[in-house]
Amino acid sequence: MAIPGYDPADLENAVTFADETAGARVDVVAGRVPEAFDVGTGEGDPPSDAVSARVELTGADELAGVEAVRIALSYDPAAMPAGATPEDVTVVAETDDGRRHLSTALHRESETVSAELSGERPADAFVAVVDER
């Protein structure tokens, strides 16, 4: 699952991080990705609207020249409130500009969702249900 428009095989600065326990995969295209950068389960409880674990991106504040970040997260359909469907979920990321609900692609078969950020550094992310009913 490469970032659209970027071929990790062709770009020296495209890096993928994954943590199966956290159910997370992060693809980063940046001018500098520090050795300390990693993805894993975040500390503390996820927000009450989360249907996934909180995922923390360690060392994200040291990313430089960020072009694109793709975050793919597993979610738990059983954790969704009554009446909600997988189409109601979104990736939520904490960025320098605060908490943002991102435009999200749903992958039903794998029970994952993904979202891309352009030019921003996320600090952590989780999957939430958006109640637009």
Side-chain angles (χ1 to χ4, degrees):
M1 171 173 24
I3 297 172
Y6 296 97
D7 182 356
D10 293 339
L11 290 175
E12 184 177 306
N13 58 354
V15 184
T16 298
F17 300 87
D19 183 325
E20 289 184 28
T21 304
R25 176 185 167 131
V26 177
D27 300 307
V28 179
V29 177
R32 185 174 91 72
V33 179
E35 286 186 34
F37 186 86
D38 203 3
V39 60
T41 304
E43 293 183 18
D45 292 329
S48 61
D49 58 347
V51 291
S52 75
R54 176 184 296 275
V55 174
E56 183 176 352
L57 282 68
T58 306
D61 57 339
E62 296 178 36
L63 288 171
V66 176
E67 292 181 38
V69 176
R70 169 180 251 167
I71 302 169
L73 301 169
S74 298
Y75 67 93
D76 181 5
M80 290 193 284
T85 67
E87 286 80 11
D88 298 325
V89 299
T90 185
V91 173
V92 178
E94 289 286 341
T95 68
D96 293 338
D97 295 328
R99 183 174 171 180
R100 294 198 30 224
H101 290 249
L102 306 176
S103 178
T104 302
L106 171 65
H107 312 283
R108 274 185 178 271
E109 315 77 43
S110 60
E111 296 180 343
T112 62
V113 290
S114 61
E116 286 99 25
L117 288 157
S118 248
E120 293 181 82
R121 297 181 304 219
D124 67 358
F126 59 91
V127 181
V129 173
V130 176
D131 186 0
E132 295 182 346
R133 289 169 271 149

Sequence neighbours excluded, which residues qualify as side-chain contact (heavy atoms from CB on, under 4.5 Å) partners of [X]?
X: D61; answer: none
X: A128; answer: D49, V92, F126
X: E120; answer: T95, D97, R100, L117

For a quick test of reading the model, state the closest non-hydrogen atom pair linking [X] to [Y] and the distance between them.
X: A93; Y: P122; result: CB-CB, 4.3 Å
X: S52; Y: V127; result: OG-N, 2.8 Å
X: S114; Y: H107; result: OG-NE2, 2.9 Å
X: V66; Y: A30; result: CA-CB, 3.9 Å

Listed partners of [X] passing side chain to side chain donor-acceptor pair (under 3.5 Å), at least two apart:
X: E20; value: none
X: T104; value: T90
X: S110; value: T112

Got a sec, which pairs hit ring pair (Phe, Tyr, Trp, His ring centres under 6.0 Å) with one end in [range], sequence neighbours left out?
range: residues 36-72; answer: F17-F37
range: residues 42-73; answer: none
range: residues 74-95; answer: none

Query - Single hit among V39, T41, D124, D19 for side-chain contact (heavy atoms from CB on, under 4.5 Å) with V55 - result: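 So the option named by the test is V39.
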
Query raised in the report: Among V29, V26, D27, which one satisfies side-chain contact (heavy atoms from CB on, under 4.5 Å) with V69?
Result: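 For V69, the side-chain contact (heavy atoms from CB on, under 4.5 Å) check succeeds only for V26.
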
Taking atom [atom1] of [X] and atom [atom2] of [Y], what is their separation to the nearest 0.5 Å?
X: E62; Y: R121; atom1: CD; atom2: CZ; result: 9.5 Å
X: L63; Y: L57; atom1: CG; atom2: CG; result: 8.0 Å
X: L106; Y: E111; atom1: CG; atom2: CD; result: 10.0 Å
X: L102; Y: E116; atom1: CG; atom2: CD; result: 9.5 Å

Report task. Go through the structure and list residues passing salt bridge (charged side-chain N to carboxylate O under 4.0 Å, His left out) with E87, not counting sequence neighbours. Result ->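 In terms of salt bridge (charged side-chain N to carboxylate O under 4.0 Å, His left out), with neighbours along the sequence ignored, E87 is linked to R108.
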
